[in-house]
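See below for the structure under consideration.
This one's a predicted model, so the numbers in the text were calculated from it and none came from an experiment. All values below were derived from every heavy atom in this structure, side-chain atoms included, with hydrogens, water molecules and symmetry-related copies excluded.
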Amino acid sequence: MEESRVKTNSPRAWLLAARPKTLSGAAVPVMIGVALAWVDSRDYYGGDAFSWTAALLCLLFAFVMQIDANFINDFFDFARGADDAATRLGPRRACAQGWVKLDSMKRAIAGTTCLACVVGLPLILFGGLEMIFVGAVCVLFCFLYTTHFSYMGLGDVLVLVFFGIVPVCISYYLQLHTVTWQVLLASLACGLVIDALLIVNNFRDRDNDREAGKRTIIVRLGAKAGLQLYLGVGIGAMILGGTFWMNGHPLAFCLPFVYLVLHVFTYLKIKRIDKGKALNLCLGETARNIFIYGLTVTAGLLLV
């Protein structure tokens, strides 16, 4: 069905509002954290310390929080006038297109937020009461990202924290109740890789964001610096990935070079296109590259 024919509040409308293509960004850090925990559990504890239940709950929590973040972003950007259907360059948004009514989106945000809490609550059994604090912070910043920090140019910092450090380290901690410096470096690498998605999104929207008063890092630094930043996060992730080699997992360092090659090709395409809706092709490619990074790192860890 064509998007122009989507019926208001229909299942198709809600599917588009959930943005299923973004779920790879939620899955990758959990995949890496779980793989690191499984390898260390096998090597140091004979596999007895590992829980697939905790791993699955982490993945489900990440998925629900990602959908919740998408709903929140859809609602508040439209309410603040940052999502104008006539001038928007990125993929269409449910509220701006009228696919989902604002009142319905409010209820959906409340529902997905509550669902995330329900899914995350059993993690107390694996990580202790401190998991309540972690979950509360995730929910809080899920709202603050769209309503405040993305307008202040701090979106990239939040991506590094909540798509890198938090999910990778917590997924590991829930299994082994500790976090090593190797895991921390791996989480930073993961955050950099996923930040590429935000960078290309902000690069495409730089003119509209400037007019809307949204001071993203691309608006602050300029398009040329934004391009270099896009290339740099991929290279930086590979450098940080050297921790895998030093920790006895050379394949987890070498296999992601497939990702780096694809990342460079996407960078060159962004540079060539420069402006307009055609950059959405690069958005899709970046999401693909992120998933390939996650797969190659995970495979490199598990194959040893």
### Message
Using side-chain heavy atoms (C-beta onward) and a distance below 4.5 Å, is Phe143 in contact with Phe76?
### Response
yes

Taken to the nearest 0.5 Å, the spacing of Leu295 CG from Thr298 OG1 works out to 6.5 Å

Start with the C-alpha gap between Lys214 and Asn208, add the side-chain angles, then the distance that decides, and say whether side-chain contact (heavy atoms from CB on, under 4.5 Å) holds. CA-CA 8 Å; Lys214 199 171 184 179; Asn208 289 347; over 6 Å; no

Nearest heavy-atom contact between Ser24 and Phe291 is CB-CD1, 4.0 Å

Between the NE2 atom in His263 and the CZ atom in Arg288, the distance rounded to the nearest 0.5 Å is 11.5 Å

dist Cys117:SG -> Met65:CE (nearest 0.5 Å) comes out at 8.0 Å

Distance col, row Arg204:CZ vs Cys282:SG, nearest 0.5 angstrom, shows 10.5 Å

- Message: Starting from Val219, can I reach Leu198 by hopping between I/L/V/M/F/W/Y residues whose side chains sit under 4.5 Å apart?
- Response: no

Output for pair (Lys101 NZ, Cys95 SG), nearest 0.5 Å, gives 10.0 Å

Does Ile270 belong to the same Ile/Leu/Val/Met/Phe/Trp/Tyr cluster as Val261, with side-chain heavy atoms less than 4.5 Å apart forming each link?
no

Heavy-atom nearest pair, Pro29 first then Ile194, reads CD-CD1, 3.7 Å

Between the CG atom in Leu301 and the CG atom in Leu36, the distance rounded to the nearest 0.5 Å is 5.0 Å

Report task. Run the numbers on Ile72 and Met105 for side-chain contact (heavy atoms from CB on, under 4.5 Å), then give the verdict. Result -> CA-CA 8 Å; Ile72 292 168; Met105 187 60 83; over 6 Å; no

- Is the closest side-chain donor-acceptor distance between Asp40 and Tyr172 under 3.5 Å? yes

Treat each ILVMFWY residue as a node, draw an edge where side-chain heavy atoms are under 4.5 Å apart, and state whether Val118 and Phe61 are in one component.
no

- Task: Decide whether Val264 and Val297 are clustered together by the hydrophobic rule: side chain heavy atoms of Ile, Leu, Val, Met, Phe, Trp, Tyr closer than 4.5 Å, transitively.
- Result: yes

Report task. Show your reasoning for whether side-chain contact (heavy atoms from CB on, under 4.5 Å) applies to Leu227 and Leu231. Result -> CA-CA 6 Å; Leu227 270 174; Leu231 179 62; over 6 Å; no

So do the side chains of Arg19 and Arg93 get within less than 4.5 Å of each other, counting heavy atoms only? yes

Exercise for the section: Classify the ring geometry between Trp38 and Phe50 as parallel (under 30°), tilted (30 to 60°) or perpendicular (over 60°). Expected result: perpendicular

Query raised in the report: Side-chain contact, heavy-atom cut-off 4.5 Å: Ile67 with Leu23?
Result: yes

Looking only at heavy atoms, the pair that brings Pro122 and Leu57 closest together is CB-CD1, 3.8 Å

Subject >> pair Leu174-Met131: side-chain heavy atoms closer than 4.5 Å >> reply: yes

Fill in: Note, Phe126 side chain near Ser51 side chain (heavy atom, < 4.5 Å)
yes

Please tell me if the side chains of Leu283 and Pro91 come closer than 4.5 Å, counting only heavy atoms from C-beta onward. yes

Within the 6.0 Å centroid threshold, strictly below: Tyr230 and Phe203 = no

Closest heavy-atom pair, Val6 versus Ser10, reported as atoms and distance to 0.1 Å, is CG1-OG, 3.9 Å

Heavy-atom closest pair (Ala37 atom, Leu176 atom, distance to 0.1 Å) is O-CD1, 4.0 Å

Does Thr113 use its side chain to pair, donor to acceptor, with the backbone of Ile109 at less than 3.5 Å?
-> yes

Q) Are the side chain of Thr8 and the backbone of Gly98 linked by a donor-acceptor contact shorter than 3.5 Å? A) yes

Quick one: do Arg215 and Asp209 make a salt bridge, cutoff under 4.0 Å? no

Checklist line | Check: Glu285/Thr266 side-chain N/O donor and acceptor closer than 3.5 Å | finding: yes

Please check if atom NE2 in His177 has more than 12 non-hydrogen atoms from other residues, nucleotides or ligands closer than 6.0 Å.
yes

Practice task
Check step by step if side-chain hydrogen bond (donor to acceptor under 3.5 Å, both in side chains) holds for Glu130 and Tyr173.
Solution key: CA-CA 11 Å; Glu130 55 264 41; Tyr173 177 82; 3.0 Å; yes

Checklist entry - Is the centre of the Tyr259 ring less than 6.0 Å from the centre of the Tyr293 ring? => result yes

Report task. Test side-chain contact (heavy atoms from CB on, under 4.5 Å) on Arg12 and Leu16 and set out the steps. Result -> CA-CA 6 Å; Arg12 173 69 171 171; Leu16 292 169; 4.1 Å; yes

**OP:** Check whether any side-chain N or O of Asp195 sits under 3.5 Å from a backbone N or O of Val159 as a donor-acceptor pair, and report yes or no.
**Re:** no

In terms of heavy-atom contacts, Pro256 and Thr296 come closest through CA-OG1, 3.5 Å

| Arg272 (side chain) donor-acceptor with Tyr267 (main chain) under 3.5 angstrom | no

Review point. For Thr216, does its backbone N or O pair with a side-chain atom of Asn202 as donor and acceptor, under 3.5 Å?
Key: no

query = Would you say the side chain of Leu197 lies within less than 4.5 Å of the side chain of Ile290, judging by non-hydrogen atoms?
reply = yes

Worksheet item: Are Leu15 and Trp99 joined in one hydrophobic group, where the rule is that I, L, V, M, F, W and Y side chains link up if heavy atoms are under 4.5 Å apart?
Response: no

* Mutual orientation of the aromatic rings belonging to Phe253 and Trp245 [parallel < 30°, tilted 30-60°, perpendicular > 60°] -> perpendicular

- Side chains of Val28 and Ile32 in contact at under 4.5 Å (non-hydrogen atoms): yes

Is it the case that Thr146 and Asp77 place a side-chain donor and acceptor less than 3.5 Å from each other?
no

